[in-house]
Every structure is written in structure tokens, then in C-alpha cells.
**Student:** 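Got a structure for you, written out below as C-alpha cells; questions coming shortly.
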Amino acid sequence: MTLALELAQQALLQAGFVDGLAEFARPGTFAEVVLRGLSKAAIYVMIAAGLTLIFGLLGVLNFAHGALTMIGAYLGGLVMVLTVAQGTGPWARLALFFVAMAVVFGLLSALGGSIEVRLIRPLYDRPPIYQILLTFGVTLVLEELARIVVGFYGLQPLAEWQAALGTIPAFLETSQSLGPVSVRGLALFEIFLGALTVAAIWGFLTRTRYGLFIRAGSEDSEMAEALGIDVRRVFTVVFALGAGVAGVAGTLLMWDPVWGASVPLAAESLLPAFVVVIIGGLGTFRGTVVGGLIVGLVDATTTWWFQNVAVTWTWLPEVAIFMILVVALIVRPQGIYGVEEVGGH
Amino acid sequence: MYLVVVGLLAIYPAIYHLLTQSPLGEVAVTVLPRMETMVAVLYFSLFAMSFDFISGYTGYLSFGHAAFYGTGAYTVLLIANGKVPLLGPETPFLVALVVGAVLATVLAVVIGLVSFRLTGVYFAMITLGFAQVLYVFVRDWDYVGSNPRDGIALSGARGFELGVPYVDQLTVALGTLTGDTLALAGHTLGTTTVSFYAVGVVVLLCFAAMQRILHSPFGRVMVAIRENEERAEAIGYDTFRYKLGAFAISGFFGGVAGGLLAGFKRSVTPESGFYFLTSGDALLASIIGGFGTLAGPLWGHLFDETVREFLSKRGQGGGLLPYLEQTLSEEFLTTELVGGLTVEGFITAALNGHASLYVGIVFVLFVLYVPDGIVGTVRSRLGGRVARRLPERLWGER
Amino acid sequence: MALLDVADIETYYGESHVLEGVSLSVERGDVVALMGRNGVGKTTTLRSILQLTPPRSGSVTYDGTDLVGRRTHEVAAMGVGWIPEDRRIFTQLSVAENLRVSVPDGDDAAEALSIAFETFPILEQRRDQAAGTLSGGQQQMLALGRGLVGDNDLLLVDEPSEGLAPQIVADVADALAAAASETTMLLVEQNLPLALDLADRFYVLDNGRVVDEGDADAVSADDDRLRRYLSA
């Protein structure tokens, strides 16, 4: 207790605190923080989108999701490293990035689909905990396989893959100014890609026949089956899709120096994805988007305070996301858009 | 049944000693876990049991369980390093152990008060959230030591002494380097072996206590909560209190386990104490051993550690890799498979320290084909009284 | 040959033996009422026909094919529709989407939907509204509508009047009559006058067995024979 008091005193005594507040409220600064927050939100939504789709329909909390993101980062990086040369122009790099994304989406969808068919399908008539446990086991296997392969090619599995980071086009790496605000090009690209992903998934869910099946099945899969929908196939498709989206998110993360392609990316991306999905309400896509926005903006705000006002709590930005989780669950246990029964055991 | 198990564990050091000295020595060194590993198996099993106590018996998955383990370990080391007010570095280890466990209990009550308003996946996630907050906090809190990210170690070259406080004859020092040796009937027991027995006694006492609680009326309410919480509530039990009580007890023993870790290793890192993968290892042990069996996690973790050590490359500990390198011919090892990949290169790449891969595969196979775990399956085959077809009933019908 | 022929099926939920040899048949174009007290196995009979809870023995022949061993969505695609207890409409989907889910692949959705809208005009007025916001009676119409657009030859209807206010029961009865004129129907219903009014034939189930059967015209709602099995 005395320690917490001491910390609080220290923070209050810092003359910077009030100045910080004034600086934070300046339109330019504020807009910058919001933009950074949006770019973080875009990433959070992307790493969580697949997770929420899978949970919504199959009721499986996929612990292997982070590992799939990590594999996506390495595969995406591989495509980039193999195709991008020193002299490749920025626009060509961008085009190649979309190629890499498509390749990764295809490969990981196939991987996800086969995991569902081979491993998870036999467990549907068992209590839900077994499906969670199984995906936990799959994570161990995938992570270790990645470690073996990455190590075999002489890369340090724990560090970000620098060669992949190096394939980023110059205009994304430098700061771009938007009026009074200056922000990294990559942040804008992330916002763009996040919005694109959300729009694509939203469109798929609401405008296509398969999306209709998924939404119906998420509400009542037995009824959907009795209306003539091959729910098992829909399960496979959704698991494949979710895995594919995880991979796409990974491809993007491979370019972001904050994340980067590394084996620990699996756990680093899984935990925030859980938080986002839980805050929004498990299994609702709308909730996940809102949850991602909240976490992203809060994250950006706490980070700004840490960097600019030199708050003594160095751990604040890192725990912020889990603090949000705890607070959110206390205030609204079933998540923003969640239905209570989903979480019941 | 339990006597046999305890007996087997008790003579393990002798067996290990005998076999490694015998003509089969090389194989024994390769296959059997080292004594040092066995000590770790004991205290980590206690942690996994405390996890099973709450998760396996009430059905509430405590995914942030590492918080209690870490609290126990950090408390013991902080007390020994003189960082805790009122308790100086000279505080007996057993007292520190209990203080750590009590702190873990308090922590469990605090976390439980908030978390037991939730169920299912949400409960698992909020406990995980708490543990992760503590993990990051401990990792960056420079009060614990000069380099909090690397964890903390006991200052000086001393070791912890486990035993009845202030009674020298009933106290032994722990640790491989700092521990006591013991002369017994003409044989000298090595430091690690002594630690093995000392830690073993504590673990056994804790196990017996938990077993006793589970077989009491309190334990029956815990199982009733797991089977059907609404019904338990309808019969008139205040399930919230029972859950909170069970969580506090499991926090206590988790704290003891953490204290033992600190006592033997004389150091702890945020990763080994608070990180969510530590909870994951407990889950692993529980599933392989048998969920909701209390004793199962010991076997599950023993299995886990044995495989890990078998596949690691530590010279003196044996293991598969050094064994293969010694046994297979040079010619065979340098044979090329594909594209410059030699047999040796392949073995090294596939085996060296990659036990998680094989443990993970075994885990997946257990989930798919042996859902009751080792102990659960054995018990239901033998028609045991405690856990007939437990896991099926565990989480209710879907 | 009957459209549906259920022969001596035995169905279990876990260890509990629910159906102990049920046989019944439904002629094409008929409405057959399945009656009995709560918990005697009426819903389970419907679930067994759909293969949602497959019988352990016996056969379910529909239109000349044995359904046992097939998956539920295949059974549905063969033209068996289910209007379950509690209706089980998709509350977060709109009325139109609820109907569209059950339109078979390849059928024209707009055309299929118009069948339901003709029978239940209220659904067309509410077509873009979330189905969860409909009243109980409207939800029952939506559930029936879902059965109609599915191009089904046989509707399995479970307790359609349960939990509805008396005036609304009359509406549902009209709706059932409208639906019955289009297809064959196996109707589980506790409301005896309603059931006998609609049905051509009836079966009475007790403790997992058929204990009585006959022509609906031959009995009245206060018949002693029926009351013995149906009153608690």
C-alpha cells in the first residue's frame, strides 16, 4: 500500500503532469494520438476478427489463433524477402505485399480447414473445454515447429525478422503529414487495411448466402441444420476463414517494427486478441470491432502519457490492455454486445 | 494405492542411483529424469494440483493460476533479501513459505471476489487478465531487484533451510550447491537427494490436506457446483462462498508450491512465476495426468518433464541426443539426406531442445483419445471409488 | 405407400430409454396429430425422424428412402421441415433473412418468399425487422413460413399453440390450416380440440409407446379413451 501511495505522490509532484494535460488537449496532439489509436485498433481488430468468427459459430475459443498469426507473419515475410530486391520500387513492394497477403490467406485457410476437419471435428460431441484444450495443444506444436524451421534457416526465433521488416516501402516508413498532424505512413496503411478487412468480413456476413448461413448457425446451429444447411461444412469454412484472416493480420504485423515476425508473436498477439474479443462480447463481430477501437485508443493514450509526461509507471502501457479487460468484465460481464448464455459453463 | 505411489517416489533416488551405476547405466541416464528434475517435478506438481483443485473440482478454469505460484516464490525471496518490512532476512524459510502462501490466499480472495461473478470462458479470461497485470508489474518493478526483468535471486551464497524453525536437528538446507548432505546407515545422500525428500514431505502434506478437503462435505459441494451449480444453489448452498473458499485454498497451496520453487532454485523469474504459460504447463499436467483427480497432475508433469529432459541436450543429464551421438556411427551421422542436410543435422534440428513439439503432440493425442488422462483412465478401469468417468461429467452436457 | 413410415424405433438420450418401439405412418396430404402427456416422447419422435437424435434401432422411411444414418441437413433437403417447440427463429436476423435461410440452394428466393408472404401477410409488412422483435404469434407464423418456403412435402410441427394467448391461438390455428392445405403434416399438439379439428388421423403416445390410434373424425375432445392418456 505504501508503495502505491508513494507512486501516486511522485506522479502528482511531477510538474509535468498539468503541462502534460494541456499538451494532450491540444488539437494537433490529440488528433495524432487518435490516429495512432486507430492504427492500433486496426491491428487489434485484425488479429481478433478470425477468433470471434470461429467462436461465434463453433463455440471454440481458438488458442491456436496467435500461432496462426505468427505463421502468417513468417510466410508473408518469406514471400516478400524472396520477391523484393534492393531496387524494387515502393509501389511494386506494395503490390507484392498484397500478393503475399493472398498467398498467406490461401495457405492458412487450408491449414485451418484441415485442423478443423482432422482434430476438432471429432470433439464436437464432447464438452466444449476439450476443443479449447485441443487448440492449446496445437499451439504448442505449431510454435515449436516454427522454432525448428526458423532456427534451421539460421534466424533467431526470438527476435523480429529484420529482412522482412526491410521490405517495407519507403513511404510507409517515413512520417507523412496530414495538415498539422504528422504520422507514420505505416499507421495510415494499417488503418486502411483494418477498415478494408472489417468491410470485407461485414460484407461477407451480411451480403452473401454463406454469410447468412454463418449468422444463422451462430445463433442456433441445430436449427440451421434442420433447415437444410450443412452446418459441418460451414464450420470448416469458418475455421478456414478465421485462420486465413489471422494469417493476413500476421502479414501486416511482419512490417510493423513494434510487432515483427518472431515466434513469441504467437503469444503476443493472442493475448490482446482475447482481450478485444472478450470486451466486445464473445462471438459478435460488431462487438469485436468496437472492442478493438476501445483498446486501441486507450492503448495509444496511455502510451502517449508514458512517453511525453514520463509517468514513473513504466509498466502502464503494457498492462493498460489487461486493466481494460478486468474493468470491462467487472462493469459488463458479458461484453458490450455479448449475450449472457455464451459464457456459461 | 497412495502408499504405493509415495513408496515408489521415496525409493526413486535409490533406484536412480543403482541403475545409473549398473551396466545399464548409459540407458538409465538417458531415460530416467535426473534427481534435480525430480525435485522440480515435485514442487511444480503441487502447483498443478492446486490448479486441479479449483479447476478440476469446481469446473472454474483458473487460467491465471501462475499469479499464486509467483506470489509464493517472490515473497520467499523478497523476505530472504530483506526487502519485506518486519520480516528480516533471518526469518526461517518455513515461516516465509507460510507468509507467501497466506499472501497468495489473500490475492486469491481479492481476485475471486471479482471473478466469481463470471463463469466459463469469461472466468478463465478475467483470471488470466489479473495474472498478466501482475506479471508485467513484477517484471518492471525495480524494487524487487536491480534487474526485475531477469527476476530475482537470493543474495549471497547461502541456501534456504527447510524444517522446524529454530530446531537445528530437524532442519536441512535445500539446493544442489548449497544443500546439506545426510549420512544415513553408511550411505551418504547427496544434496539434491536430501532436497528431494525435504520438498517431498511438504508436497505430501499439502496433497494430503487437499485430498482431505475434497473428501469432506466442503469438497462434495465443490463437485456439486461443477456438476450443476444451479441445483447446488437451489438446495441452499451459497455457492459463491464455496467457490471463493476453494479458490483461496487453491491459492494457498499454489503459493506453497511457489515458495518451494524459490527454496530449491534460490531464484525466480517473472516468466517462471507469473507468466500465463506457467498456468498452461499446469493445465498440460492436469490433462495428461487426469483432470479432477488431484494426483493426476503429478504423473502428467512427471511425464512432461521426462520427455523434455529426454530430448534436451544437457550433457550430464543424459537425454536422447547425446546418447544417439555416442551410439550411432560417425559414418551414419554424416550421411547426406537431402540438400546438404546430414543425419546429424536433422537429428539436431528435430530434437535439440524441441521437447515442446513432442509434448504438444502427446497432449493433443491425450485430448483426442485419452480424455480422462492417465490417472482418470486407470481409475475408471479399476472401478475406483473417487473418479468414475469424471471428465465426462465435468463440464456438463453440451 | 405412406409418405412417412416410422417402424419400431428405439431412441435413447444418453442412458435413458425414451422411445421404446414407436411405429406410425403418415399418408401424403394428411394431417396426423401426435398426442400425449409431457415427457412421453413426442418431441423425441420428431427429432428421431429428423435424425437430430438418431434412433438406435428401427427404421424411418420417407418417400421410399430410409432416413436412419443420414445427416439432418440431408433429411431437410429431401423435403422434411421442422417447426420446433419454442419456434427457434433466428432472433437477430430479419424476417426475410429467416425465411431465406430455409430456401433450398438453387431455388429463386424472391419467389419462395412470396409463398410465405401470401399465407402470412403480416410477415411481408415486417420483412426487414429483426425477428426477435416480433410478437409470439407472429414468431409462430414466421416459423411456419420458414417451413413453407423450404419446399417441403412433410412438416413436423411441435406444439405450435404453446405459450400463446387464446386469441392468438385462433390465428395460429388458421395459419396451421393454411399450411396444412399445402403439405403433409405431423402435428404434436396438447390442445386437443385444435389438434382434432385439424387432423385426419391421430396417434396417442405414452411412456415411449403408441397406445392408441384412429381417425380424428371418430373421436371427440372429451372422449374417455383419449382423456385417460392425456389428462395428468
Side-chain angles (χ1 to χ4, degrees), chain A residues 2-3 55 59 61 63 119 122-145 147-149 151-152 267 270-271 274-275 277-278 282 313-319 321-330 333-335 338 340 342-345, chain B residues 59-61 85 114-115 117-126 128-143 229 275-277 280 283-284 287 291 341 345 349-350 352-368 371 391-392 394-398:
Chain A
T2 47
L3 177 93
F55 188 88
L61 193 63
F63 267 81
L119 298 177
L123 298 179
Y124 284 130
D125 47 358
R126 285 222 219 132
I129 185 73
Y130 284 100
Q131 297 138 33
I132 297 179
L133 295 176
L134 185 109
T135 58
F136 183 73
V138 169
T139 306
L140 297 179
V141 175
L142 289 181
E143 270 187 52
E144 211 51 47
L145 278 178
R147 221 180 281 269
I148 291 175
V149 173
F152 186 77
L270 181 68
L271 291 176
F274 273 162
V275 173
V277 163
I278 297 268
L282 269 169
W313 311 318
T314 50
W315 41 271
L316 189 62
E318 273 181 276
V319 295
I321 179 164
F322 295 104
M323 300 269 221
I324 305 171
L325 172 74
V326 170
V327 171
L329 280 179
I330 292 171
Q334 70 276 34
E340 211 142 351
V342 176
H345 78 278
Chain B
Y60 280 79
L61 199 60
V114 177
S115 308
R117 297 173 24 181
L118 311 169
T119 56
V121 173
Y122 290 102
F123 177 82
M125 286 299 127
I126 194 169
L128 171 66
F130 275 116
Q132 284 299 104
V133 168
L134 286 171
Y135 162 69
V136 176
F137 178 72
V138 162
R139 204 181 52 166
D140 291 330
W141 187 28
D142 48 18
Y143 181 77
E229 185 164 354
Y275 198 46
F276 83 105
L277 287 179
L283 178 68
L284 210 77
I287 294 303
F291 211 41
L341 180 63
N352 186 13
H354 292 303
S356 294
L357 175 65
Y358 305 97
V359 172
I361 291 173
V362 168
F363 178 81
V364 167
L365 292 176
F366 262 82
V367 172
L368 281 173
E392 279 108 303
L394 241 188
W395 299 83
E397 292 214 348
R398 210 187 154 184

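In what follows, every chain begins at residue 1, and chains take the letters A, B, ... in the order their sequences are listed. Note that the structure is predicted; figures quoted are calculated from it, not measured.
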**Student:** Using a cut-off of under 4.5 Å on heavy-atom pairs, state which of Ile287(B), Val362(B), Val359(B) scores highest against chain A.
**Tutor:** Ile287(B)
**Student:** Relative to the ring of Tyr135(B), is the ring of Tyr275(B) parallel (under 30°), tilted (30 to 60°) or perpendicular (over 60°)?
**Tutor:** tilted
**Student:** Checking heavy atoms, do the side chain of Leu61(A), its backbone, both or neither come under 4.5 Å from chain B?
**Tutor:** side chain
**Student:** With a 4.5 angstrom heavy-atom cut-off, which part of Leu368(B) approaches chain A: side chain, backbone, both or neither?
**Tutor:** both
**Student:** Between Phe363(B) and Val141(A), is any pair of side-chain heavy atoms under 4.5 Å apart?
**Tutor:** no
**Student:** Do you know which of Leu133(A), Val149(A), Leu145(A) has the most heavy-atom pairs with chain B at a distance under 4.5 angstrom?
**Tutor:** Leu133(A)
**Student:** Does any backbone or side-chain atom of Leu325(A) lie under 4.5 Å from a heavy atom of chain B? Answer side chain, backbone, both or neither.
**Tutor:** side chain
**Student:** Roughly how far, to the nearest 0.5 Å, is CD of Glu143(A) from CG of Leu277(B)?
**Tutor:** 7.0 Å
**Student:** Is chain A contacted by the side chain of Val114(B), its backbone, both, or neither, given a heavy-atom distance below 4.5 Å?
**Tutor:** side chain
**Student:** In terms of heavy-atom proximity below 4.5 Å to chain A, should Ile126(B) be classed as side chain, backbone, both, or neither?
**Tutor:** both
**Student:** Quick one: does Tyr124(A)'s side chain get under 4.5 Å of Gln131(A)'s, heavy atoms only?
**Tutor:** yes
**Student:** Given heavy-atom pairs under 4.5 angstrom as the criterion, report whether the side chain, backbone, both or neither of Phe276(B) touches chain A.
**Tutor:** side chain
**Student:** I want to know whether Phe274(A) and Phe55(A) have ring centres closer than 6.0 Å.
**Tutor:** no
**Student:** So for Leu283(B), is it side chain, backbone, both, or neither that comes closer than 4.5 Å to the heavy atoms of chain A?
**Tutor:** side chain
**Student:** For residues Leu271(A) and Leu128(B), determine if any side-chain heavy atom of one lies less than 4.5 Å from a side-chain heavy atom of the other.
**Tutor:** yes
**Student:** In the structure I gave you, are the side-chain heavy atoms of Leu140(A) and Leu284(B) within less than 4.5 Å of one another anywhere?
**Tutor:** yes
**Student:** Under 4.5 Å heavy-atom distance to chain B, tell me which part of Leu142(A) shows up: side chain, backbone, both or neither.
**Tutor:** neither
